Number of protein chains: 2
Amino acid sequence: MPQAHAMQPGRQKDSRKAILDAAERAFADFGFGGASIRAIARDAGVNQAMIHYYYQNKDLLFSAVVERRAGEINDRRNKALDALFDNAVPTLEELVEALLRPTIELGHDVERGGDAYARLIVYFNNSADERSQRVAEQNYDPIARRSIDAIMKVLPQLGRADAVRGYLFAISVALSVMAKTGRAARLSDGLCDDSNTEETVSTVVAFACAGIRSLANGAAGTRKD
Amino acid sequence: MPQAHAMQPGRQKDSRKAILDAAERAFADFGFGGASIRAIARDAGVNQAMIHYYYQNKDLLFSAVVERRAGEINDRRNKALDALFDNAVPTLEELVEALLRPTIELGHDVERGGDAYARLIVYFNNSADERSQRVAEQNYDPIARRSIDAIMKVLPQLGRADAVRGYLFAISVALSVMAKTGRAARLSDGLCDDSNTEETVSTVVAFACAGIRSLANGAAGTRKD
DNA sequence: TTATTAATTAAACGTTTGATTAAAACTCAT
DNA sequence: ATGAGTTTTAATCAAACGTTTAATTAATAA
């Protein structure tokens, strides 16, 4: 049985972390089925049996990859929500930014491998298979429910179904930026940058907030331009 | 060498179509790497060598699956754009609906297998790997460029980079509905339906248009609710 | 030092993968 | 019915797959 944390820091290489990092990249690049344990082991610089030694099987490895990052992201989101609702009711912009910023910032943190995890979120968030929905449910449903409740407090005229839609739409817009497919750059002939974190946050937040407010106004609004 | 279309209609089972249908479901459910030629052949009710006989290899099969649907969708989008800009400049709502409706309607057409293709679009649209970007570029970049130009005609104050962002954000919102992950139903305790095509179109169009307009107003808008 | 445990290794397990082959079974005009 | 062309079949290929095993090395405690 592997020990949770047996070595003193720096004394030997941390194979556990190397495996998670490589697996994160592989799952993000090739999906669950396309990623191979052998390639992950090679990329991590460890013997392939080490992966089963620490994570039992491919499914649990996938879960472990997600859990490592989700904890950090949701801690930040929860603390931001605590602060926002401490005294009064925040604006919709403040709320949406609190929800999206942690993920966007991690996605821009290339040195910590956050870009790979961002692509991995995009992957399982948009996949209907049981495994993807399991990690989404376990790691992101609690904060999602809290966020939806928060949206309804900020916009009381919004029904629950529309609050859910608004939350999911906002997430999907934010994730579309983080997929890093290169399509935006291709279609804009390099004009779209997306490397500036603050610009990305403010653009996505503005888009999402305007969209969410349109749900409150009902789909009746017919405009003239 | 396989013939393009050798049998008279109805005389014998069309293995080509059965293969495409089964492959579409497999790629949508398991991704490219997770889908297996053997399982596709079994699901299609054909010998597995037939797949190589008609489509040479897995990569070309994937391309063929996408091309079959993309042609139909983009024909509809192009015709709608022709009609909209025939006499005057349309509203943003008319334009965005013209762009999103064909995909949303196909995604709701379960009998023709449109739901599986919808999930497949979500898959390759959000994947950064070379194969996914190749099919996206070949099948959807031309209509995307035309759509972006159209957005700039409707909202002249919008720069090209923001028009690209607006288009991609709108698409991502529409696709988030079609991923059929079950997450919306889960988070809303069944309140969110998404089976009503017209309701989905009007909700997504309203959200996307409000968002696109927010890009035109600049990210400066600070509101008070 | 010795006993114990944790970490790592190379090798192999049986299975499945995408792909190829050669032969058989069709289809259909002549 | 014959023969050419198209479609389908079963069998097989080497390679890669996830996983397991037994043996070895490294670290820790007694």
Side-chain angles (χ1 to χ4, degrees), chain A residues 1-27 29-65 129-132 134-135, chain B residues 1-27 29-65 129-132 134-135:
Chain A
M1 275 278 169
Q3 240 176 230
H5 200 270
M7 76 306 290
Q8 46 266 75
R11 283 278 292 117
Q12 65 183 86
K13 75 171 171 181
D14 191 344
S15 296
R16 299 188 71 117
K17 178 179 184 318
I19 291 169
L20 283 189
D21 289 342
E24 189 170 65
R25 287 188 291 269
F27 288 136
D29 287 341
F30 309 115
F32 182 86
S36 99
I37 298 274
R38 284 172 150 84
I40 292 170
R42 202 179 315 125
D43 186 22
V46 305
N47 188 285
Q48 87 171 280
M50 295 299 294
I51 295 183
H52 296 92
Y53 178 69
Y54 282 123
Y55 300 103
Q56 285 75 259
N57 57 47
K58 201 180 176 182
D59 258 286
L60 289 177
L61 173 63
F62 186 79
S63 297
V65 166
D129 64 286
E130 201 181 334
R131 174 177 32 249
S132 293
R134 201 191 60 226
V135 299
Chain B
M1 273 281 168
Q3 240 176 228
H5 200 274
M7 76 306 290
Q8 48 264 74
R11 284 278 291 115
Q12 65 183 82
K13 76 171 173 182
D14 190 345
S15 296
R16 299 188 70 117
K17 178 177 183 318
I19 291 169
L20 282 190
D21 289 341
E24 189 171 65
R25 287 189 291 270
F27 288 137
D29 287 342
F30 310 115
F32 182 86
S36 99
I37 298 272
R38 281 173 152 84
I40 291 170
R42 202 179 315 126
D43 187 22
V46 304
N47 187 286
Q48 90 170 275
M50 295 299 293
I51 294 182
H52 296 95
Y53 177 68
Y54 281 123
Y55 299 103
Q56 284 75 258
N57 58 47
K58 200 178 173 184
D59 258 285
L60 290 177
L61 173 62
F62 186 79
S63 297
V65 167
D129 63 287
E130 201 181 334
R131 173 176 34 250
S132 294
R134 201 191 61 226
V135 298

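Since the structure is predicted, the reported quantities are computational estimates derived from the model, not experimental observations. Chain letters run A, B, ... following the sequence lines, proteins first, then strands; residues in each count from 1.
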Expressed in angstrom and rounded to an integer, what is the separation of [X] atom [atom1] from [N] atom [atom2]?
X	N	atom1	atom2	value
A:Ile51	C:dT8	CD1	C1'	13 Å
B:Ile37	D:dA14	CD1	P	20 Å
B:Arg16	D:dT6	CZ	P	13 Å
B:Phe30	D:dC17	CZ	P	19 Å
B:Asn47	C:dG18	CG	C1'	14 Å
A:His52	D:dA22	NE2	C1'	17 Å
B:Ile40	C:dG18	CD1	C1'	11 Å
A:Gln56	D:dG18	CD	C1'	14 Å

To the side chain of [X], which of [options] is closest?
X	options	answer
B:Met50	D:dT7, C:dA10, C:dT20	D:dT7
A:Gln48	D:dT19, D:dT7, C:dT9	D:dT19
A:Arg38	D:dT7, C:dA19, D:dG18	D:dG18
B:Asn57	D:dT7, C:dA7, C:dA19	C:dA19
A:Tyr54	C:dA7, D:dG18, C:dA10	C:dA7

At their closest point, which heavy atom of B:Arg134 faces which heavy atom of B:Ser63, and how far apart are they?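 Looking at all heavy atoms of both residues, the closest pair is NH2-OG, 3.1 Å.
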
Would you name the heavy atoms of A:Ser15 and A:Tyr54 that are closest together and state the gap between them?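 Closest pair (atom of A:Ser15, atom of A:Tyr54, distance): CB-CE1, 4.1 Å.
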
Does A:Ala49 or A:Ser36 map to a spot on DNA chain D nearer the 5' end, using the closest nucleotide for each?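 In this pair, the answer is A:Ser36.
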
Under 4.0 Å between a side-chain N/O of B:Ser15 and OP1 or OP2 of D:dT7, yes or no?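 No, no such contact exists.
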
Within 45° cone and under 6.0 Å: A:Arg16 NZ/CZ vs A:Tyr53 ring: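 The answer is no; the distance or angle limit is not met.
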
If you look at every strand shown and take non-hydrogen atoms under 4.0 Å, does A:Ala39 touch a base, only sugar-phosphate, or nothing?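 Answer is nothing: A:Ala39 stays at 4.0 Å or more from every strand.
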
Below 4.0 angstrom, N of the basic side chain to O of the carboxylate: do A:Lys17 and A:Asp21 qualify?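 A salt bridge is present here (some side-chain N lies under 4.0 Å from a carboxylate O).
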
Using the ring of each side chain (for Trp, its six-membered ring), is A:Phe32 parallel, tilted or perpendicular to A:Phe62, with breaks at 30° and 60°?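 Answer is perpendicular, since the angle exceeds 60°.
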
